[in-house]
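Side chains are part of it too, since the values below use all heavy atoms of this structure and drop only hydrogens, waters and symmetry mates. Throughout, protein chains are lettered first and strands after them, A, B, ... in sequence-line order, and every chain is numbered starting at 1.
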Number of protein chains: 2
Amino acid sequence: MAQKNRLKYILLGLLKDKSQTGYDLTKSFESDIGEFWTANHSQIYPLLKRMEAERLIDHKTSLVGEKLQKKEYFITETGSHTFEKWLKSPSEIDTIHDEFILKLYFIDDPQSVLLKQMITSQQSYHRDKLVHLKMQFKEKFPSSKQIKQHFGHSLVLRHAIEREQGYSDWLNEIYKTIK
Amino acid sequence: MAQKNRLKYILLGLLKDKSQTGYDLTKSFESDIGEFWTANHSQIYPLLKRMEAERLIDHKTSLVGEKLQKKEYFITETGSHTFEKWLKSPSEIDTIHDEFILKLYFIDDPQSVLLKQMITSQQSYHRDKLVHLKMQFKEKFPSSKQIKQHFGHSLVLRHAIEREQGYSDWLNEIYKTIK
DNA sequence: TTAATACGTGTAATTAATTACATGTTTTAA
DNA sequence: TTAAAACATGTAATTAATTACACGTATTAA
């Protein structure tokens with residue numbers, strides 16, 4: 001893909017908060033940050049090595065049990081600096097790859113039978129997503145205390161909820177128009 | 001990336017409408033469809049060859065001028081069938097890669113000075129996008145006649161506009177909260 | 001006690017996407 | 001008439017991302 005290697009900055013951001021193993025970092029993408037970025041361990045481990053070579057991070061090895069070696073990565077001064085620089089740099093958004101939008105583009109006829117089916121199926125898809133996101137918000141931000149502590153995260157989740165709400169509204173609008 | 005090869009279906013969709021050269025198809029991504037999908041010629045030409053090997057498309061060569069050979073691709077029965085099947089299949093949406101959202105996630109403090117700068121810069125970014133999209137809509141759909149002819153495309157553009165509007169609203173909300 | 005699950009780290013193979021390299025023709029406007 | 005821009009088609013190199021392969025340890029619950 002020849003992309004922009006934003007994963008690097010995510011790892012720096014996560015390590016800035018606390019030292020972690022590759023395994024820990026991988027798990028981050030199964031919850032919280034996984035809502036808006038994906039990465040798996042076979043992407044993370046090699047990247048950690050490269051980042052260490054760049055002196056952005058470092059690690060200390062510790063023993064769990066009697067044999068298992070754990071590599072605990074932590075951020076360096078250089079790493080912190082690189083991260084801060086990234087925060088201040090201009091942000092880009094990649095083209096949104098939405099397969100439904102793509103299909104819709106090719107539907108010329110408002111009375112197409114297929115269109116109705118496509119809309120209803122998308123409606124349930126996004127309804128589910130909305131429910132999921134609202135639950136996430138309730139779980140992570142039950143009170144204003146949590147919001148104050150992780151303000152950015154709360155904004156990001158709120159944005160996702162509003163986006164899904166907008167998507168659903170738009171779908172409902174179309175449905176009303178064509179039925 | 002090991003992706004889902006949706007480009008294949010886009011090319012089929014474009015060729016379903018009319019026979020085109022690789023060059024023509026490439027140009028499609030500079031306007032219309034380029035608003036929500038990207039592809040360049042070095043991705044398209046090899047894919048066309050593979051699609052021809054799969055008998056999804058075929059081509060006839062014509063001469064322009066005295067020497068220039070033009071390959072005009074057209075869709076086959078198999079191709080049409082494959083495209084229709086895709087339209088009926090479930091749609092997925094890839095994780096939205098928004099660098100600003102990513103950065104925001106790492107901002108814990110509502111009073112962060114950086115946050116204010118980040119918001120204002122994003123505001124202008126999305127304001128510009130919104131203006132651009134609205135202009136696109138006016139150009140492509142000056143009256144209901146065009147909407148009836150390319151209903152899906154109009155919905156897609158309208159969706160993009162509403163999404164940008166929502167993004168801007170959300171940013172303005174945040175700005176009000178933190179200032 | 002033993003089997004399943006979670007923890008932990010890595011490599012290999014494949015495919016997708018971008019940028020750069022490479023070449024030539026046709027048309028149009030100065 | 002000539003130079004620039006548009007037309008037209010390809011390959012090569014690089015990097016990113018996914019899936020699969022691969023190995024071993026520690027903990028927990030039946």
Side-chain angles (χ1 to χ4, degrees), chain A residues 1-11 14-15 19-31 33-34 36-54 57 59-73 92 94-97 99 102, chain B residues 1-11 14-15 19-31 33-34 36-54 57 59-73 92 94-97 99 102:
Chain A
M1 216 229 222
Q3 268 237 134
K4 294 123 200 170
N5 207 358
R6 279 136 181 183
L7 182 56
K8 181 160 102 177
Y9 300 104
I10 299 177
L11 297 183
L14 292 170
L15 290 173
S19 305
Q20 291 179 74
T21 64
Y23 187 81
D24 294 330
L25 291 165
T26 301
K27 271 198 307 179
S28 299
F29 291 89
E30 278 159 27
S31 57
I33 208 158
F36 51 94
W37 213 273
T38 55
N40 48 46
H41 83 279
S42 26
Q43 214 184 328
I44 290 168
Y45 284 113
L47 182 53
L48 285 170
K49 282 201 170 168
R50 273 186 288 144
M51 286 167 71
E52 190 166 20
E54 287 177 60
I57 57 174
H59 81 273
K60 50 172 181 266
T61 307
S62 65
L63 230 58
V64 177
E66 282 172 26
K67 284 184 183 172
L68 185 60
Q69 298 228 324
K70 232 190 350 189
K71 278 190 194 171
E72 191 122 4
Y73 285 96
E92 275 175 61
D94 296 348
T95 309
I96 296 169
H97 283 189
E99 203 173 7
L102 213 48
Chain B
M1 218 229 226
Q3 268 238 133
K4 292 125 200 168
N5 208 358
R6 280 139 180 180
L7 182 56
K8 180 160 100 176
Y9 301 104
I10 299 176
L11 297 183
L14 292 170
L15 290 174
S19 304
Q20 290 179 75
T21 64
Y23 186 82
D24 293 330
L25 291 163
T26 302
K27 270 198 307 176
S28 299
F29 292 88
E30 279 160 24
S31 57
I33 207 158
F36 52 94
W37 212 274
T38 55
N40 48 45
H41 83 278
S42 26
Q43 213 184 328
I44 290 168
Y45 284 112
L47 182 53
L48 285 171
K49 281 198 172 172
R50 274 186 286 143
M51 288 168 69
E52 189 165 22
E54 287 177 61
I57 56 173
H59 80 273
K60 49 172 181 269
T61 307
S62 63
L63 228 58
V64 176
E66 282 171 27
K67 285 184 184 170
L68 186 62
Q69 296 228 323
K70 233 197 335 200
K71 278 190 192 170
E72 192 122 4
Y73 286 97
E92 275 175 59
D94 296 347
T95 309
I96 296 168
H97 283 191
E99 202 173 8
L102 214 47

All side-chain hydrogen bond (donor to acceptor under 3.5 Å, both in side chains) counterparts of A:Glu99, not counting sequence neighbours: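 Result, side-chain hydrogen bond (donor to acceptor under 3.5 Å, both in side chains) vs A:Glu99: B:Arg6, B:Trp86.
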
Qualifying residues under side-chain hydrogen bond (donor to acceptor under 3.5 Å, both in side chains), relative to B:Asn5, sequence neighbours excluded: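 Partners of B:Asn5 under the side-chain hydrogen bond (donor to acceptor under 3.5 Å, both in side chains) test: none.
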
Interatomic distance where [atom1] belongs to [X] and [atom2] belongs to [N] [whole Å]:
X	N	atom1	atom2	result
B:Lys4	D:dT19	NZ	C1'	13 Å
A:Lys67	D:dC23	NZ	P	17 Å
B:Asp94	C:dT15	CG	C1'	15 Å
B:Leu63	C:dT26	CG	P	8 Å
A:Ile10	D:dA16	CD1	C1'	13 Å
B:Leu48	C:dA16	CG	P	15 Å
B:Ile44	C:dT18	CD1	C1'	13 Å
B:Asn5	D:dT18	CG	P	15 Å

Side-chain donor-acceptor pairs under 3.5 Å in residues 60-68 of chain B, sequence neighbours left out?
none

I'd like a list of close polar pairs between nucleotides 2-4 of chain D and the protein, N/O only, cut-off under 3.5 Å.
none

Whether A:His59 and A:Tyr73 hold their rings parallel, tilted or perpendicular, with breakpoints at 30° and 60°: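 The rings of A:His59 and A:Tyr73 sit tilted, inter-plane angle from 30° to 60°.
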
For B:Lys8, all residues meeting salt bridge (Lys or Arg N to Asp or Glu O under 4.0 Å), sequence neighbours excluded: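 Only B:Glu54 meet the salt bridge (Lys or Arg N to Asp or Glu O under 4.0 Å) criterion with B:Lys8.
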
Per-nucleotide protein contact string for nucleotides 5-13 of chain D, where B marks a base within reach and S marks sugar-phosphate only (heavy atoms under 4.0 Å, - for neither): -SBBBBBB-

Gap separating the OG1 atom of A:Thr26 from the CD atom of A:Gln20, nearest 0.5 angstrom: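 Between A:Thr26 OG1 and A:Gln20 CD, I get 10.0 Å after rounding to 0.5 Å.
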
Inter-residue atom distance B:Ile44.CD1 - B:Met51.CE, 0.5 Å rounding: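 It comes to 10.5 Å.
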
Test item: B:Leu15 and B:Leu25 side chains (from C-beta on) under 4.5 Å apart, heavy atoms: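 Yes - at least one pair of side-chain heavy atoms lies under 4.5 Å apart.
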
Main-chain N/O of A:Tyr23 paired to A:Tyr45 side chain as donor or acceptor, under 3.5 Å: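 A pair under 3.5 Å: yes.
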
